[in-house]
Trainee: 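Pasting a structure below so you can have a look.
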Amino acid sequence: MNFDKSKTFVISESDEGLRLDKWLAAPERLGSRSRALAAIDHGKIFLDDKEQSAADSGRRLVAGESLRIWIDRPGSSQRRYSERHASNLHILYEDSCLLVINKPPGLLSVPLAAQPEAPSLLDMVRKHLRSKGKMEPLVVHRIDRDTSGIVLFAKSSGHQKTLKDQFERREIERTYLAIVHGIPSPQSGIWQDRLVWDKDELLQKLAERNDRMAKEASCRYKVIEKYSNASMLEVSLITGKRNQIRIQAGLHGHPIIGEKMYVYSSPPANAIDFSRQALHAFKLKFKHPVDSRVIDIEAPLPEDLNSLIAKLKRVSIKE
């Protein structure tokens, strides 16, 4: 059967309630369920301009929805994978060009020269890709060992460069969730500082006024949940300096709960005990290196942060 390169339908009342895959499998459309599932899996099906994934194949259609079948969509020959667990990895997205992982806390993003035997996410991704051939993962960006959340890998040097260029041009949206001591005032705004990396102590420092090595560090923050003696912030990076959110939260009087390095005043009398900095790389939004479609990914909170939040809520209720 021949299909137009792109065709748009409006769901009729008579088709309301049908499963998406069954509707697509009709003879006058894609002709079989296997073709329908393949089209969904390869990103060729859109409902009201939203790309459908394998997880949407069983969704029920609604009358009036606009459905587009885009057979020759650029880059759609490559398989796209929905969120899954494989090779002890929490894979948020994977295709032939890139891989997005939800890193657990306590795991290095990449090996350290000083600790060559310590396990790292890069080693785990290598093992995952080894089953698919001789593909070598390339790190696009990284997060701290004790920070959880999104880490992006490329599968070729060309795609790595394209993605890194987006970081350099500040086109990639990076959003973190941080649980901090106290409640910032105002409850939203921009933190701006000049930082310098101390090579001897291996940490960021607030730069002196005339330090030529200083770099701008800025981020937007917003309180999204308040507790009795703490708050959860949504922090969007404008610049991307090493340990930036950790140091800026501390510099502005609201260190991240569990922070050991970037604390600039005595901890409050009712300081909250936590085994790591309560920081999670929550969201990453960027353009695909092949066809420039927008990839917008979120990483669910790990169990330890959910437990911390539940504890803070219980304390707030008691008070």
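Numbering starts at 1 and runs along the sequence shown. Scope of the values below: all heavy atoms of this structure, side chains included, with no hydrogens, waters or symmetry mates.
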Trainee: If hydrophobic clusters are built by linking Ile, Leu, Val, Met, Phe, Trp and Tyr wherever their side-chain heavy atoms come under 4.5 Å apart, do L138 and I172 end up in the same one?
Mentor: no
Trainee: Under a 3.5 Å threshold, yes or no: a donor from one side chain and an acceptor from the other, between R276 and S148?
Mentor: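 R276 vs S148: donor-acceptor pair found between side chains.
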Trainee: Would you list the pairs meeting ring-ring contact (aromatic ring centres under 6.0 Å, His included) in which at least one residue belongs to residues 139-174, sequence neighbours left out?
Mentor: H141-F167
Trainee: Has the side chain of Q248 got a donor or acceptor atom that lies under 3.5 Å from a matching backbone atom of A217?
Mentor: yes
Trainee: Donor-acceptor pair, distance only, cut-off 3.5 Å: does the side chain of E234 make one with the backbone of I224?
Mentor: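 The answer is no, because no donor-acceptor pair under 3.5 Å joins these two groups.
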Trainee: Shared ILVMFWY cluster between Y176 and I238, side chains joined below 4.5 angstrom?
Mentor: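 No, Y176 and I238 fall in different hydrophobic clusters.
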Trainee: Do E94 and H128 have side-chain atoms, one donor and one acceptor, less than 3.5 Å apart?
Mentor: yes
Trainee: In Å, rounded to the nearest 0.5 Å, how long is the span from CD1 of I179 to OG of S231?
Mentor: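 Those atoms lie 9.0 Å apart.
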Trainee: Quick one: do R126 and D123 make a salt bridge, cutoff under 4.0 Å?
Mentor: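 Salt bridge present between R126 and D123.
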Trainee: Is there a donor-acceptor contact under 3.5 Å from the side chain of H254 to the main chain of H181?
Mentor: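 Checked: pair present.
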Trainee: Tell me, yes or no, whether the heavy-atom count around K226 atom NZ, taken from other residues, nucleotides or ligands under 6.0 Å, exceeds 12.
Mentor: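 Atom NZ in K226 is not packed in, count stays at 12 or less.
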Trainee: Between L30 and I71, is there a side-chain heavy-atom distance shorter than 4.5 Å?
Mentor: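 They are in side-chain contact.
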Trainee: Looking only at side-chain N and O atoms, does T162 offer a donor or acceptor that is under 3.5 Å from a partner on D165?
Mentor: no
Trainee: Check the side chains of Q277 and T147 for a donor-acceptor pair under 3.5 angstrom, ignoring hydrogens and angles.
Mentor: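 T147 vs Q277: donor-acceptor pair found between side chains.
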Trainee: Side chain of H280, backbone of F282: donor and acceptor closer than 3.5 Å?
Mentor: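 Not at all, since once roles are kept as given, no pair shorter than 3.5 Å links the two residues.
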Trainee: With a 6.0 Å cut-off on the ring centroids, do H90 and H85 count as close?
Mentor: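 So the answer is yes for these two rings.
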Trainee: Output the distance between atom CD1 (I11) and atom CG (L67), rounded to the nearest 0.5 Å.
Mentor: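 Here the interatomic distance stands at 5.0 Å.
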Trainee: Checking salt bridge (Lys or Arg N to Asp or Glu O under 4.0 Å) against D144, which of K260, R246, K103 comes through?
Mentor: R246
Trainee: Within a radius of less than 6.0 Å around CD of E303, do more than 12 heavy atoms belonging to other residues, nucleotides or ligands occur?
Mentor: no
Trainee: Check whether any side-chain heavy atom of K287 sits under 4.5 Å from a side-chain heavy atom of Q166, and report yes or no.
Mentor: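 A side-chain contact exists here, since the closest heavy-atom pair is under 4.5 Å.
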Trainee: State yes or no: do V110 and L107 share one hydrophobic cluster built from I, L, V, M, F, W and Y residues joined by side-chain heavy-atom distances below 4.5 Å, directly or via other members?
Mentor: yes
Trainee: Please assess K50 against D296 for the test salt bridge (Lys or Arg N to Asp or Glu O under 4.0 Å), listing each intermediate value before the final yes or no.
Mentor: CA-CA 12 Å; K50 182 179 180 181; D296 191 350; over 6 Å; no
Trainee: Will you find, in the side chains of Q244 and T239, an N or O donor that is under 3.5 Å from an N or O acceptor?
Mentor: yes
Trainee: Taking the side chain as C-beta and beyond, is there a heavy-atom pair between L98 and P289 under 4.5 Å?
Mentor: yes
Trainee: Indicate whether the side chain of N229 and that of Y227 have a donor and an acceptor atom separated by less than 3.5 Å.
Mentor: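 The answer is no; no qualifying pair exists.
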Trainee: Drop me the distance from R68's CZ to K7's NZ, to the nearest 0.5 angstrom.
Mentor: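 It comes to 13.5 Å.
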Trainee: Parallel, tilted or perpendicular: which one describes the rings of W191 and Y221, with boundaries at 30° and 60°?
Mentor: parallel
Trainee: Counting C-beta onward and ignoring hydrogens, is there a side-chain heavy-atom pair between R59 and L47 closer than 4.5 Å?
Mentor: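 They are in side-chain contact.
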Trainee: Less than 4.5 Å apart, side chain to side chain, heavy atoms only: is that true for L233 and P184?
Mentor: yes
Trainee: With the 4.5 Å side-chain cut-off for hydrophobic clustering, are L301 and I272 part of the same group?
Mentor: yes
Trainee: For the atom pair CG (L195) and CD1 (I247), what is the distance rounded to the nearest 0.5 Å?
Mentor: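 Nearest 0.5 Å value for the CG-CD1 distance: 4.5 Å.
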Trainee: Can you tell me if E65 uses its side chain to pair, donor with acceptor, with the backbone of V62 under 3.5 Å?
Mentor: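 Between the backbone of V62 and the side chain of E65 there is a qualifying donor-acceptor contact (under 3.5 Å).
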Trainee: Are V223 and L237 linked, directly or through other ILVMFWY residues, by side chains that come within less than 4.5 angstrom of each other?
Mentor: yes
Trainee: What distance do Y262 atom OH and I245 atom CD1 have between them, rounded to the nearest 0.5 Å?
Mentor: 12.5 Å
Trainee: Applying salt bridge (charged side-chain N to carboxylate O under 4.0 Å, His left out) as the test, list every pair that has at least one member in residues 173-193; sequence neighbours left out.
Mentor: none
Trainee: Measure the spacing between CG of L18 and CG of L61 and express it to the nearest 0.5 Å.
Mentor: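 Interatomic distance, L18 CG to L61 CG, rounded to 0.5 Å: 6.5 Å.
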Trainee: Do N88 and M124 come close enough that some side-chain heavy atom pair is under 4.5 Å?
Mentor: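 N88 reaches M124 side chain to side chain.
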Trainee: So, D21 and R19, do they make that salt bridge, N to O below 4.0 Å?
Mentor: yes
Trainee: For L92, which of L99, L152, I150 qualifies under side chain to side chain contact (heavy atoms under 4.5 Å, CB included)?
Mentor: I150
Trainee: Would the distance check show the side chain of R60 and the main-chain N or O of G17 forming a donor-acceptor pair, the cut-off being under 3.5 Å?
Mentor: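 Side chain of R60 to backbone of G17: a pair is present.
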Trainee: Does a side-chain heavy-atom distance below 4.5 Å link Q52 with L20?
Mentor: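 They are in contact (side-chain heavy atoms under 4.5 Å apart), so the answer is yes.
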